[in-house]
Structures are given as structure tokens and as C-alpha cells.
Number of protein chains: 2
Amino acid sequence: MTPVQGARARARIEITAAIKDEARRQLAAEGAAKLSLRAVARELGMVSSALYRYFPSRDELLTALIIDAYDAVGAAAEQAHATALTAAPGDHLAHWTAACRAVRTWAVAHPHEYALIYGSPVPGYTAPEDTIGPASRVGLLLVGIARAAYQDKGIALLPLPDVLAPEARRLAEDMAPDLPPPLAVALVSAWAQLFGLVSFEVFGQFNNVVQARDTFFAAAAERLGRETGLLRTC
Amino acid sequence: MTPVQGARARARIEITAAIKDEARRQLAAEGAAKLSLRAVARELGMVSSALYRYFPSRDELLTALIIDAYDAVGAAAEQAHATALTAAPGDHLAHWTAACRAVRTWAVAHPHEYALIYGSPVPGYTAPEDTIGPASRVGLLLVGIARAAYQDKGIALLPLPDVLAPEARRLAEDMAPDLPPPLAVALVSAWAQLFGLVSFEVFGQFNNVVQARDTFFAAAAERLGRETGLLRTC
DNA sequence: GTCTATAACGAGATAGAC
DNA sequence: GTCTATCTCGTTATAGAC
């Protein structure tokens, strides 16, 4: 808090940010598997051993990038949701699609960071527990939207097959004890399916298939929301 | 066709297979980005330059692995579909879920090959046109199942938003001119969402979330089929 | 013609001595 | 922090065995 400490702390923050920026650049150029502390250091005009004052290992740098990415996509979704909340109060389906579109927009703008968190696992790297919280942000937001809709007007979902009932109960207890188990199952499905749509676009599976990506995604996301019970249509 | 040619050809096929097998082993251990011709050659007791008799470059070896993977998952889905066709004739939803479950089963059994084709793109590698055909097999199978259902008893789908109408027409023309545009859109969405479910499981996003993976997936796949119009439920 | 081995290139990573 | 010696890589040219 003294001026000197403040300057030191500020420098540390700046250098940490510069390291992560350069690491993100390498992520884009070479992929997460080839991320190397040495190359980052070289590009920054530092010596590799100096980096260890900021990140104790390559894996910890990777973890920081992963957490940043989860936080960025989570914040984008949350902010879009907050905007939609005031722009169209009570329209739960609009809140849902706003969050979904924010996820897609962020992913298209940051394909390599998206690949880092929702693509193939990095060989030899296992995510520590620190990533669980940030990784849950989008999912928890979707749960929140569904909860608001449920408390507002209830939901009408298709009944689940009997074999899934225990898992549904367990899921609901884990993530949202106040919601009916079928809704919990529908939410987890929709969550995975949402990222299926985004991944297919970002990873190139839609090349030569889908052209009007924006409207296509918007329609699919709305459909997902409807099927999660946010609007009764039958 | 003479004995000598047959022996040569057989040896060539065997060595090609051995190279791909070893490459797949490295794929699992180090990831596609670090796949190295030299390491493959070393492990096989060959010299790196000898590999060029079989694959003109590292990227062509990658392409071969990608095509094999697409063909493997496509064949698995097609075979499961064929079995379901005779086991439950006329039950289009059962045919759909059988194909979906085969995709998941293959993916869980071959996570690294799955990651190669449906995960993050390999940095610096761009897939040649040869991969388009094999990459389309699962999608075309889903189209075929939907076509059978459509010709059998028609479909009832939600109307599309107007902005999506041109893209829907274009999509239907491209992939299945005999199917109504809304069905084409629903199929592409379901295709992407199916792989979203599989990717979340294979890539670890379901860790600490979904436990009964098999029944969860089966229910979600059935739901996807229903929503694609394979069964009218409203 | 078909294959393998040797050697080499230029580029990059890595380990250790200083 | 710096320098160097030694690795790796993809790829090619060349020569010789079958």
C-alpha cells in the first residue's frame, strides 16, 4: 500500500498481463500443446528463468489462461443476460437467447481461447480444482435463467424415461435443489448442445454447410430454450 | 495380381497400417500437434526418410488418420443403424437413437481419434478436400433416417423464423432437395447438438456433473430425434 | 521399379557450464 | 543472465539392395 509497494505491485501485474498476452498469441499460432515458457520469455526479451517468478510452471500458466478464458466467456454471457433482463423484463426466452448469443460471439472472436477450454484436452495437462468455479459460470447462468422462468410461470417438460429418474434426482440435488429433476436434465443437455453448436462453427464443421451462421445460431438457441421449457408451445 | 506383386502390395499395406497404428499411439500420448514422423519411424525401427515412401509428408499422414477416424465413426453409426433397421422396422426414432449411441460408443472408445476430428483444429494444418466425404458420413446417415421418417408418415416441425427462410431453402437444396427446409435446419442443428453431447463427455466437461453417462446420453439423443420430428408428441 | 539407408540442411528446443 | 554443445524436427538428395 506504500508508494513503493504499489509500484512494485503494479509492475508485477503489468508483467503478468504481458506474459499472458504473449502466451495467448502463441496459443493462436502453435496451439496449447506447444505452449513453451521459453518462447514466451524470448518474445518478451526476458530470460526463461525470470518467468518462473510469475508462473511456477508451464502448467500454471496454462491454468491461468484457462481460468481467464472461462471468466471471459462467463462475463460476456452474464453481461448480455443483464442487459436483456432490463431490455425485456419477464421474457425468459429472450434472456436465454441473449446469453447463448453472447457465448457464441465471444467464441467466434476468440477461437483459440475457446479451443483451449472447450476443445480437445491438452495432452499431459490436467486442470486443477481452481478451474471448476470459472468453468461453471455459463452453466450456472443458464440454471438461473431457467429458475426465473420456473418460478415465474412453471415449466412443462416431457416426462423422463424411468431409468433416468435416479440420475435426474442426483443432478437436481447437486446443481439446483429447488428445480424439478426433469428440468435439471434438460438444462445439462441444453448446455452441452449449445456448445455443440458453437464448437461446430468455431472448429470449422459448418464450413460448406451453414452459411448464415448468425441467424442459424439464433434460431437454434431459441429452439434450445423453448425445449428447456422456457416457453410452452405445444 | 501375380504372386510377386501380391506380396509387395501386401507388405506395403501392412507397413502402411503399422505406421498409422504407431501414429495413433503417438496421437494418444502427445496429441496431434506433436505428431512426428521421426518418432514414428524410430519406434518402428525404420529411418525417417523411409516413411516418405508411404506418406509424402507429415500432413498427409495426419490426413490419413483423420479420414480413417471419420470412416470408423461413420461405419459404426451405419452398422448400428442397419441393425436397428431389421430389429425394429418402421421405428424411426429407434433407428435414430441407435446411430447416435454408436457415435458416442465409438467416441468414448477412441477419445484421441475423436479429438482429432471433432476437437480443436490442429495448428498449421488445413484439411484437404479428401476429408469432406468421410466427414459427411454421419450427417448423411442422419439425413437418411429423417428422410425415411418423412416419407413414411410426414413430420411436424415448429415453423422457422422468417429471417432463416432463405438459409433453410439453401440448406435443403444442398443436402436434401426432397426434404422440407425446416427439416433440413432441424437436422443440421441436431447434428451439431449430438456432437456437443459427445464432446462434453469425451472432453471431460461432464466430470463431476453427469454420472450415469449412458442413460443420460440415450435420453438426450432420443429427445433430439423427437425434436427433429421423428415422432410427433405434442 | 520399389524400397531402405546415409547424410545433410536449416530451424528450433534443451541442458548445463560458466 | 549468457553461451555453447547437443538434442529434436521435417524434408530432401543420393546411393545402393532387392
Side-chain angles (χ1 to χ4, degrees), chain A residues 8 11-12 14-16 18-62 65 112 116 120 122-125, chain B residues 1-68 112 116 120-128 130-131:
Chain A
R8 258 215 276 270
R12 186 175 175 85
E14 273 171 27
I15 296 181
T16 305
I19 293 171
K20 292 201 284 193
D21 281 349
E22 177 55 35
R24 271 185 279 265
R25 225 165 292 141
Q26 292 198 17
L27 219 58
E30 305 280 354
K34 285 190 179 169
L35 177 65
S36 110
L37 280 185
R38 284 185 111 96
V40 171
R42 192 186 324 124
E43 217 63 29
L44 290 175
M46 306 170 80
V47 127
S48 64
S49 54
L51 281 201
Y52 286 85
R53 296 178 65 75
Y54 299 89
F55 296 96
S57 73
R58 187 203 81 129
D59 280 10
E60 303 254 358
L61 174 56
L62 249 187
L65 296 177
H112 303 99
L116 181 63
S120 327
V122 183
Y125 171 86
Chain B
M1 293 295 173
T2 79
V4 176
Q5 279 185 0
R8 257 215 279 270
R10 216 176 317 123
R12 187 176 175 83
I13 289 172
E14 271 171 27
I15 296 180
T16 305
I19 293 171
K20 291 200 285 192
D21 281 348
E22 177 55 35
R24 271 186 280 265
R25 226 165 290 142
Q26 291 198 17
L27 218 58
E30 304 280 354
K34 285 189 177 169
L35 175 66
S36 121
L37 278 188
R38 284 187 113 108
V40 170
R42 198 183 319 124
E43 217 62 30
L44 290 175
M46 305 171 80
V47 108
S48 69
S49 56
L51 286 201
Y52 285 81
R53 285 279 149 191
Y54 301 88
F55 297 96
S57 74
R58 190 204 84 125
D59 280 8
E60 302 253 1
L61 172 56
L62 250 187
T63 299
L65 297 178
I66 288 172
I67 290 177
D68 279 5
H112 304 100
L116 180 65
S120 327
V122 182
Y125 171 86
T126 49
D130 320 30
T131 60

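Smallest separation of non-hydrogen atoms from Ser48(A) and Arg38(A): CB-CG, 3.9 Å. When every heavy atom of Tyr125(A) is checked against every heavy atom of Asp59(A), the shortest pair comes out as CE1-O, 3.5 Å.
Closest contact between the side chain of Arg38(A) and the listed nucleotides dT2(C), dT4(C), dT14(C) involves dT14(C). With dA13(C), dT11(D), dT4(C) as the choices, the nucleotide that has an atom nearest any side-chain atom of Ile15(B) turns out to be dT4(C).
Nucleotide dC9(D) holds its P atom 11 Å from the NZ atom of Lys34(A), rounded to whole Å. Atom pair Tyr54(B):OH and dT11(D):P shows a separation of 18 Å (rounding to whole Å applied). Rounded to an integer number of Å, the gap from Leu37(B) CG to dT11(D) P is 6 Å. Rounding to whole angstrom units, CZ of residue Arg10(B) and P of dC3(C) are separated by 14 Å. Look at CE on Met46(B): it is 15 Å from C1' on dA17(D), rounded to the nearest Å. In this entry the distance linking CD1 of Ile19(B) with P of dC3(C) reads 11 Å, nearest Å. For the pair Arg8(B) CZ and dG1(C) P, the computed distance is 11 Å after rounding to whole Å. One interatomic measurement links the two molecules: CZ of Arg12(B) to C1' of dC18(D), which rounds to 16 Å at whole-angstrom precision.
At least one side-chain nitrogen or oxygen of Arg42(B) sits closer than 4.0 Å to the OP1 or OP2 atom of dC9(D). For Tyr52(B) and dT11(D), the shortest distance from a side-chain N or O to OP1 or OP2 is below 4.0 Å.
Counting non-hydrogen atoms under 4.0 angstrom, Leu35(B) reaches the backbone sugars and phosphates but no base. Within the nucleic acid shown, Ser48(B) comes within 4.0 Å of at least one base atom, counting heavy atoms only. The residue Ala11(B) sits apart from the nucleic acid: no heavy atom pair falls under 4.0 Å. In this structure, Leu51(B) reaches neither bases nor backbone, as no heavy-atom distance under 4.0 Å exists between it and the strands shown. Looking at heavy-atom distances under 4.0 Å, Arg53(B) makes contact with a base.
Residue-to-nucleotide proximity on DNA chain D shows that, of Ala39(B) and Ser49(A), the 5′-proximal contact is made by Ser49(A).
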Next item on the list: Could you check Ile19(A) against Leu37(A) for side-chain contact (heavy atoms from CB on, under 4.5 Å), going step by step and ending with a plain yes or no?
Entry: CA-CA 9 Å; Ile19(A) 293 171; Leu37(A) 280 185; 5.8 Å; no
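Within a 6.0 Å sphere centred on CZ of Arg12(B), heavy atoms belonging to other residues, nucleotides or ligands number more than 12.
Counting heavy atoms from C-beta on, the side chains of Leu61(A) and Leu51(A) never come closer than 4.5 Å.
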